[in-house]
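Computed from heavy atoms alone, side chains included, the values below leave out hydrogens, waters and symmetry copies.
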Amino acid sequence: QVQLVESGGGLVQAGASLRLSCAISGRSTSAPVMAWFRQAPGKEREFVSSFRWSGGATFYSNSVKGRFTIFADNVKNTMDLQMNRLKLEDTAVYFCAGLSGASDRGGVYYLSPSDYTYWGQGTQVTVSS
């Protein structure tokens, strides 16, 4: 079993940076692919980025590419999301997610929330003008 706990959210001004962290309990092999999703009020949960432990491949949505970066540490069992040049539209609850080994088909392109078995409770990010 894998448990995920996010931290690091907060209120920042547009253009600022923020770093989220996902603490992972359980073996990283139990969740070969990890991801960040976000959900704004009244909207569906949206894919942000994904990461595969084996090989370190990453994938980012077009809305965050070039601004957000995943940093994963398999010794500390953490996955961070460095968010730079934040925009008002980045305001959302951010969730850490893990793909179960049973669902793994290889690669890193798992973009739907339904692909993921393990979820954290979320952390709020609010970007103000």
Side-chain angles (χ1 to χ4, degrees):
Q1 186 72 322
V2 175
Q3 291 185 324
L4 308 174
V5 179
E6 304 95 335
S7 61
L11 172 64
V12 296
Q13 288 192 318
S17 297
L18 200 61
R19 189 170 179 118
L20 306 181
S21 186
C22 176
I24 306 161
S25 64
R27 294 170 56 88
S28 61
T29 51
S30 298
V33 175
M34 299 292 298
W36 286 97
F37 283 79
R38 66 187 182 185
Q39 189 165 19
K43 294 190 176 182
E44 294 186 352
R45 195 162 294 191
E46 174 192 21
F47 172 84
V48 174
S49 63
S50 56
F51 166 81
R52 174 174 283 276
W53 289 105
S54 175
T58 55
F59 182 71
Y60 298 91
S61 68
N62 286 336
S63 61
V64 307
K65 190 180 299 182
R67 299 188 298 122
F68 291 12
T69 305
I70 283 182
F71 293 95
D73 188 324
N74 62 4
V75 174
K76 295 181 180 178
N77 257 7
T78 58
M79 180 183 67
D80 291 0
L81 183 67
Q82 177 66 41
M83 306 185 295
N84 297 330
R85 304 195 306 278
L86 282 161
K87 304 177 180 179
L88 297 179
E89 52 264 40
D90 293 321
T91 294
V93 177
Y94 283 70
F95 297 90
C96 176
L99 183 89
S100 75
S103 301
D104 187 14
R105 304 179 303 275
V108 71
Y109 304 111
Y110 299 92
L111 310 187
S112 172
S114 63
D115 291 328
Y116 294 86
T117 299
Y118 309 112
W119 289 90
Q121 82 289 350
T123 185
Q124 175 71 47
V125 172
T126 303
V127 183
S128 65
S129 59

| field | Member of V5, L4, L81 meeting the side-chain contact (heavy atoms from CB on, under 4.5 Å) criterion with C96 | value | L4

| task | Report yes if some heavy atom in the side chain of V2 is under 4.5 Å from a heavy atom in the side chain of M34; otherwise report no. | result | no

| task | Please determine if R45 forms a cation-pi arrangement with F95, meaning its NZ or CZ atom is less than 6.0 Å from the six-membered ring centre and no more than 45° off the ring axis. | result | yes

| task | Check each of V125, V64, V93, T91 against R38 using the side-chain contact (heavy atoms from CB on, under 4.5 Å) test, and report the only one that passes. | result | V64

| field | Pairwise distance CG(L111) to OG(S61) - rounded to 0.5 angstrom | value | 9.0 Å

| query | How long is the span from the OG atom in S129 to the CG atom in L88, to the nearest 0.5 Å? | reply | 5.5 Å

| note | All heavy atoms of G98 vs all of A31, minimum pair found to be CA-CB, 4.2 Å

| request: Identify the residue among F47, Y94, Y110 that makes a ring-ring contact (aromatic ring centres under 6.0 Å, His included) with F37. | output: F47

| task | Might you work through the side chain to side chain contact (heavy atoms under 4.5 Å, CB included) test for S63 and K87, ending with a clear yes or no? | result | CA-CA 10 Å; S63 61; K87 304 177 180 179; over 6 Å; no

| If we only count heavy atoms from C-beta on, is the S103 to Y116 side-chain gap below 4.5 Å? | no

| field | Donor-acceptor contact below 3.5 Å, side chain D73 vs main chain K76 | value | yes

| field | More than 12 heavy atoms from other groups under 6.0 Å of CD on Q124 | value | yes

| Can you tell if the side chain of R52 reaches within under 4.5 Å of the side chain of P32, non-hydrogen atoms only? | yes

| task | Using a cut-off of 6.0 Å, state whether more than 12 heavy atoms not belonging to Q13 lie near its atom CD. | result | no

| query | Do you know which two heavy atoms are closest between I70 and Y60, and how far apart they sit? | reply | N-OH, 2.8 Å

| message | For V33 and W53: C-alpha separation, side-chain torsions, deciding distance, then whether side chain to side chain contact (heavy atoms under 4.5 Å, CB included) applies. | response | CA-CA 6 Å; V33 175; W53 289 105; over 6 Å; no

| query | For the atom pair OH (Y118) and SG (C22), what is the distance rounded to the nearest 0.5 Å? | reply | 13.0 Å

| Modelled atom types, side-chain donor and acceptor of D80 and S21, under 3.5 Å | yes

| query | For T123 and L20, what are the C-alpha separation, side-chain angles and deciding distance, and is it a side chain to side chain contact (heavy atoms under 4.5 Å, CB included)? | reply | CA-CA 8 Å; T123 185; L20 306 181; 4.0 Å; yes

| request: Measure the shortest side-chain to side-chain distance between T126 and V12 over non-hydrogen atoms and say whether it is less than 4.5 angstrom. | output: no

| Contacts of Y109 that satisfy ring pair (Phe, Tyr, Trp, His ring centres under 6.0 Å) - sequence neighbours left out | F59

| query | Distance only, no hydrogens: is a donor on one side chain within 3.5 Å (strictly under) of an acceptor on the other, for N84 and Q82? | reply | yes

| Short side-chain to backbone donor-acceptor contact, S100 and T117, under 3.5 Å | no

| request: Using a cut-off of 6.0 Å, state whether more than 12 heavy atoms not belonging to E44 lie near its atom CD. | output: no

| task | To the nearest 0.5 angstrom, please state how far the CG atom of D104 sits from the OG atom of S30. | result | 12.0 Å

| Worked verdict on Q121 versus E6 for side chain to side chain contact (heavy atoms under 4.5 Å, CB included) | CA-CA 7 Å; Q121 82 289 350; E6 304 95 335; 2.9 Å; yes

| query | Hey, does L86 have a side-chain heavy atom less than 4.5 Å from the side chain of L18? | reply | yes

